[in-house]
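Only one structure is covered here, and it is reproduced in the block below.
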2 protein chains.
Amino acid sequence: MPVTIYDVAREAKVSMATVSRVINGTAVVKEDTKKRVLEAIAKLGYRPNAVARGLASKRTRTIGVIVPDVSAAFVAEMVRGIEDIANMYDYNILLVNSDAQVDREVSLIGTMWEKQVDGILYMTNVLTSREIDAFEEAQIPVVLCATEDPERRIPSVNIDNYRSGRDAVNFLLQKGCKRIGFITMDEGFSVVADRRLQGAQNRMRGQELHVIRTGRGRYETSLPVIRAYFEAHDLDGVVAASDELGLAAIHAVQDMGKSVPEDVKVIAFDNTRLAVMVRPEMTVIAQPMYDFGAVSMRLLTKLLQDEPVDNYTVILQHNIVERAST
Amino acid sequence: MPVTIYDVAREAKVSMATVSRVINGTAVVKEDTKKRVLEAIAKLGYRPNAVARGLASKRTRTIGVIVPDVSAAFVAEMVRGIEDIANMYDYNILLVNSDAQVDREVSLIGTMWEKQVDGILYMTNVLTSREIDAFEEAQIPVVLCATEDPERRIPSVNIDNYRSGRDAVNFLLQKGCKRIGFITMDEGFSVVADRRLQGAQNRMRGQELHVIRTGRGRYETSLPVIRAYFEAHDLDGVVAASDELGLAAIHAVQDMGKSVPEDVKVIAFDNTRLAVMVRPEMTVIAQPMYDFGAVSMRLLTKLLQDEPVDNYTVILQHNIVERAST
DNA sequence: CTGTTAGCGCCTTCAT
DNA sequence: ATGAAGGCGCTAACAG
């Protein structure tokens with residue numbers, strides 16, 4: 001039989017209401033009786049039952065985190081940021097993977113609803129109206145992490161993806177590159193990636209930008225695609241939509257007996273730890289992965305306790321970290 | 001006002017008990033009334049409140065997952081395995097990071113207790129009696145993932161670490177290596193790593209095994225340490241305790257103008273995706289990271305529903321994947 | 001097969 | 001400053 005608040009009350013010779021008050025600091029309790037209660041709690045090894053608390057208070061201090069796949073470095077780092085801040089504000093996180101599939105995403109929003117999470121942190125490749133509807137139906141505060149919402153109907157934390165694409169190309173241009181390629185996933189796979197490509201194209205000002213599509217952007221499958229493209233086209237600079245693709249680009253170049261950055265310069269997105277584990281180390285458009293999580297979680301806490309929020313669409317800064325690949 | 005089971009009952013003109021029965025399939029309900037209930041549920045958009053359910057049934061269908069750090073590739077992959085299986089059995093996971101600090105770990109076990117999780121999946125570097133005591137006090141079923149429990153008091157899923165260390169050294173020996181090194185973290189940092197070193201030393205049969213300690217085993221800080229050691233000692237083969245360290249070893253060799261595998265052969269532990277993203281691709285002792293999570297979660301479900309379990313200490317197979325670094 | 005009735009453990013007015 | 005009492009939404013006997 002687990003010890004309940006009643007047991008503590010009896011032990012301390014007070015009512016359960018008083019015990020509740022000292023636990024929650026929800027009202028002033030005389031110093032002396034508070035002490036007795038605390039002693040009783042310690043003596044009995046009492047732990048408040050969060051489920052009962054949740055039912056009575058309608059707040060679970062639990063946040064739902066929906067991501068495409070935690071095993072991706074980018075996502076894992078972001079989740080770490082979320083959890084750190086959540087922990088700081090005394091929240092726990094319920095983590096689920098959606099594999100970026102709309103059906104699953106909608107279904108998961110439903111489970112979050114049933115579990116009565118206080119809020120949701122949401123990341124996906126493409127945001128559709130089906131998910132938006134699901135959020136509305138569930139009536140749960142949501143913050144988007146590193147996810148584009150064209151309509152801006154939901155609070156979000158992101159970088160300026162369009163601009164980052166422009167910056168990447170601009171960097172190569174200033175390094176003297178003439179024949180530039182943009183290695184990315186298939187169109188429609190990720191709204192974020194598509195935005196960056198747009199920015200990149202804009203910066204080319206009509207000059208040709210070679211677009212190399214690699215399906216879902218995995219290293220293993222992208223490498224041959226990239227190599228084939230390089231063999232057919234003589235490029236001298238590429239921007240890769242992720243570190244993984246950047247790595248594939250570097251290896252594709254090296255496999256051809258050429259070298260980075262002498263023959264081809266490479267700049268990649270993200271800046272996961274992978275970027276410094278390659279030779280040559282990669283120049284990157286660094287993304288604040290940890291901060292995507294940390295800041296969005298912080299924003300969510302504000303939403304949850306009605307703190308004033310001056311900006312529901314937070315744009316974090318990206319920045320170029322120059323290394324040996326350019 | 002969220003719709004409750006009462007609303008559904010009224011709408012379907014039955015009692016709430018009947019609604020509960022069709023939701024849970026906990027008793028036979030006449031086909032006709034079941035249909036009415038289902039329609040009412042659909043019409044009202046009813047969602048059962050999992051918190052109330054948890055309070056009444058004393059089971060939350062939530063599993064606590066305590067790991068050192070999700071942002072580590074190994075861990076993230078394992079968590080993915082956990083979540084996939086949890087999802088399959090209709091459980092959700094409450095994820096927390098402990099940074100492998102005992103105080104935090106004990107505190108987190110307490111949190112899991114309060115949240116009334118049905119079970120805990122636990123990973124750490126060093127298991128102490130303080131955590132074991134915390135588990136006992138909380139009275140929650142636990143399964144250890146990729147974590148050594150010398151006493152074998154808690155169900156666990158692991159590989160045979162001692163043997164894997166032996167196998168790694170044996171592999172190098174058979175490749176003709178004479179001066180072998182073992183790159184690992186500081187002693188006491190990880191029981192798993194220490195066990196492997198023991199296995200490695202055993203296989204050397206009295207011959208000298210160079211042990212290179214690199215603190216917490218991070219690439220950035222380990223690289224200079226390894227390079228310094230290589231410059232002072234002429235090794236022709238090394239075992240690295242993780243892919244990250246293996247990568248550092250390869251780069252250390254290359255930085256000296258030597259080459260892998262001609263001058264130094266490298267075999268590493270883990271086989272995260274990093275292993276195939278290096279040149280040369282790394283030979284590894286592959287660990288079933290995903291399966292650590294999947295199998296331990298499956299084991300936990302058995303424990304939770306009193307299914308017969310034939311082995312509380314599951315040993316998964318490790319295996320050598322030979323690539324270009326040896 | 002279905003309805004009635006207790007709780008589950010806690011928060012939260014409302015009195016005192 | 002403290003106690004009494006009524007839910008929160010649901011499960012699980014127990015009747016019928």
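By convention in this document, chain letters (A, B, ...) are assigned in the order of the sequence lines, proteins followed by strands, and residues within each chain are numbered from 1. Here the structure is a predicted model, which means the values were calculated and not measured.
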Mind calculating the distance between [atom1] ([X]) and [atom2] ([N]) to the nearest angstrom?
X       : N      : atom1 : atom2 : answer
B/Arg10 : C/dT2  : CZ    : P     : 19 Å
A/Asp7  : C/dC8  : CG    : C1'   : 14 Å
A/Ile5  : C/dC8  : CD1   : C1'   : 14 Å
B/Ile23 : D/dT11 : CD1   : C1'   : 11 Å
A/Arg36 : D/dA1  : CZ    : P     : 15 Å
B/Met16 : D/dT11 : CE    : P     : 7 Å

Could you tell me if [Y] and [X] have a donor-acceptor pair between their side chains, going purely by distance under 3.5 Å?
X        : Y        : answer
A/Glu148 : A/Asn161 : yes
B/Thr33  : B/Lys13  : no
A/Glu114 : A/Thr111 : no
A/Asp69  : A/Ser71  : yes
A/Glu105 : A/Thr124 : yes

N or O in side chain of A/Ser15 less than 4.0 angstrom from D/dG3 OP1/OP2: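 The answer is yes; a side-chain N or O of A/Ser15 sits under 4.0 Å from OP1 or OP2.
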Phosphate contact (C/dC10 OP1 or OP2) by A/Ser20 side-chain N/O below 4.0 Å: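 No, A/Ser20 has no side-chain N/O under 4.0 Å of OP1/OP2 on C/dC10.
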Minimum heavy-atom distance between A/Pro155 and A/Leu303, given as atom pair plus value: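 Here A/Pro155 and A/Leu303 meet closest at CG-CD2, 4.1 Å.
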Ion pair check, A/Arg298 and A/Glu307, cut-off under 4.0 Å: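 The answer is yes: the pair qualifies as a salt bridge.
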B/Asp149 side chain vs B/Ile154 backbone, donor-acceptor pair below 3.5 Å: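 Yes, B/Asp149 side chain to B/Ile154 backbone: donor-acceptor pair under 3.5 Å.
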Choose from [options] the nucleotide whose nearest atom is closest to any side-chain atom of [X].
X       : options               : value
B/Arg21 : C/dG9, C/dC11, D/dC14 : D/dC14
B/Thr33 : C/dT2, D/dA4, D/dT11  : C/dT2
A/Val29 : D/dT11, C/dC10, D/dT2 : D/dT2

Along DNA chain C (nearest heavy atom to each residue), the more 5'-positioned of B/Val14 and A/Tyr6: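 The residue mapped nearer the 5' terminus is B/Val14.
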Pairwise 5' ranking along DNA chain C for A/Pro2 and B/Glu31, keeping only the more 5' one: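 Upstream on the strand: B/Glu31.
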Residue pair A/Ile63 / A/Asn92, side-chain heavy-atom distance below 4.5 Å: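 A side-chain contact is absent here, since even the closest heavy-atom pair is not under 4.5 Å.
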DNA chain C contacts among residues 47-62 of chain B, heavy-atom distance under 4.0 Å: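 Residues of residues 47-62 of chain B that come under 4.0 Å of DNA chain C are, in numerical order, B/Leu55, B/Ala56, B/Lys58.
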Angle of first-five versus last-five pair axes in the helix from C/dC1-D/dG16 to C/dT16-D/dA1, to 10 degrees: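 If I round to tens, the end axes sit 30° apart.
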